[in-house]
There are 2 protein chains.
Amino acid sequence: MLLETYKVACSNCNLRELCMPIGLSQEELQKLDDVVATRRKVSQGETLYRNGDSFTSLYAIRTGFFKTCVSSQDGREQVTGFQMAGEIIGLDGITSDHHNCNAVALEDAEVCVMPFANVEEMSREFPVLQRHVHKIMSREIVRDQGVMMLLGNMRAEERLSAFLLNLVQRLNARGFSRSELVLRMTREEIGSYLGMKLETVSRTFSKFSDEGIIEVKQRWVKILKPDALKRIFDPDSFC
Amino acid sequence: MLLETYKVACSNCNLRELCMPIGLSQEELQKLDDVVATRRKVSQGETLYRNGDSFTSLYAIRTGFFKTCVSSQDGREQVTGFQMAGEIIGLDGITSDHHNCNAVALEDAEVCVMPFANVEEMSREFPVLQRHVHKIMSREIVRDQGVMMLLGNMRAEERLSAFLLNLVQRLNARGFSRSELVLRMTREEIGSYLGMKLETVSRTFSKFSDEGIIEVKQRWVKILKPDALKRIFDPDSFC
DNA sequence: GCAGATACTTGACCTGCATCAATACAGAAA
DNA sequence: TTTCTGTATTGATGCAGGTCAAGTATCTGC
């Protein structure tokens, strides 16, 4: 964990469209700079926070890739999400003032530390920010509902299809290719997220590959027939 | 849908410990009365809101019992939760200004309508309320993570056990028995929530009954050996 | 280069739950 | 009371995905 002392600024961060409310004036943005206290580097494999840690801050991911996961007493682990640049993590800690899951960096990462007291104070002052914070939390709730649908109703192929389409769509929003991606997580982590075993993940990848829908080489994936994937299951088109 | 015109008051509502921040003075509570605009009755089988409806308000359940559910294009339905008196629903609507699931009354119900604009305005004025709103949303996120664990990792018996223990614990917090309950939902709805078919729900009930852990007669359930249930799976004891 | 560790793939077999189907039960209406 | 309708139970059978196991690929450090 490294603390950097130079002042960080949302106002000239190229991710601000992703993590800040849109349509703010330069002036307003500068006032919001104070929400972020510091930045923190988290190297691959390290945790940003753990279940049980006391909650003080939300984190905006600047670079890198995270997973969040919960575990039961008997050691079974459930990955609850994968997060990338511009996304906010730590919301789980608000209810009980301590974190309720682990956030692990899947590649070297840097986050903006936003003490929650600052967030709340600024929210009271700027209705736009207040609304934005509410939207972010609500978005997480809606995402979780989608995962429930996936886990409760979908079959292996549908799950993996939805997973790939969702990932590539979010990467695309960040300027990456819409058809090619490098997975940051293992088959086991994908499986945990999707409620299936790593062997099934692997087999399903192979099946898609055999059918010419995707090309896979370990972590590298190329989507050859996006429409075929969407026909299997399109996460964007819920009723 | 009935709109009642008399002014409603949180300040003398016997559910305020469940839905309002604790430790407010009588005076503060009276100011917060303005959060609630009206009450609304929803009779059994009717929806409080539907997927796609424009979002304007949160709802505090005064009496009755709800389910929330999402569905995919092809008609598969996923129950995302069951809500009872004192709980807040509608949070899913904040992100996109329209609701993202259906809320259906499973028995005749009455809710307090809290226009979200009021909630936000009051939140700016009362930091305690602001924190409370954040906690409620965060609690929902944590609950959802628990459901993901259930759906992703647990077997039928563990799911049903966790479900029963959770229900009875929430009912107990509302003054009901800790060992006896009447289910407000069908086997199919339980199954949808827990990611299993209604036949499996029924069989699992029968199995628990054969083992003397519970007594079941249709919707009426009596928990004979709570410890045995907890040994199967205790939702309260996550790591 | 090699050795070891970790991640991934693939095959063979097994099982928990789904599916299909028949029957029973309970509440509502006639 | 009977009939109707929605709900619940229980049995028989099948299969998607889990489990176990062997082998391969990739990366790291020496």
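Please read all numbers here as calculations on a predicted model, not as lab measurements. Below, chains carry the letters A, B, ... as their sequence lines are ordered, and counting in each starts from 1.
- Nearer the 5' end of DNA chain D, as judged by each residue's closest nucleotide, is the contact made by A:K197, out of A:K197 and A:Q218.
- Both A:G195 and A:K217 sit near DNA chain D, but only A:G195 has its closest nucleotide nearer the 5' end.
- Between B:E157 and B:K207 there is a salt bridge, with a side-chain nitrogen of the basic residue lying less than 4.0 Å from a carboxylate oxygen of the acidic one.
- Following rounding to the nearest Å, A:M196 (CE) and C:dG16 (P) show an atom-to-atom distance of 20 Å.
- B:H99 and B:Y49 have parallel rings, their planes meeting at less than 30° on a 0 to 90° scale where 60° marks the start of perpendicular.
- Rounded to whole Å, atom P of C:dT9 lies 8 Å from atom CZ of A:F205.
- A:D92 and B:R139 are not joined by a salt bridge, as no carboxylate oxygen comes within less than 4.0 angstrom of a charged side-chain nitrogen.
- With salt bridges taken as basic N to acidic carboxylate O contacts below 4.0 Å, none links B:E110 and B:R40.
- The side chain of A:T186 lies closest to C:dA7 when the candidates are D:dA8, C:dA7, C:dT9.
- Note: CG (B:L194) to C1' (C:dA18) measures 16 Å, nearest angstrom.
- For the OP1/OP2 pair of C:dT10 and a distance below 4.0 Å, the side-chain nitrogens and oxygens of A:S206 include at least one atom meeting the criterion.
- What separates CZ of B:R219 from C1' of C:dC25 is a distance of 13 Å, to the nearest Å.
- In this model, a side-chain donor or acceptor of B:R203 finds a partner on the base of D:dG11 within 3.5 Å.
- Residue B:T200 has its side chain nearest to C:dA18 when only D:dT10, C:dA18, D:dG18 are considered.
- Of the side-chain N and O atoms in A:S202, none sit less than 4.0 angstrom from OP1 or OP2 of C:dC8.
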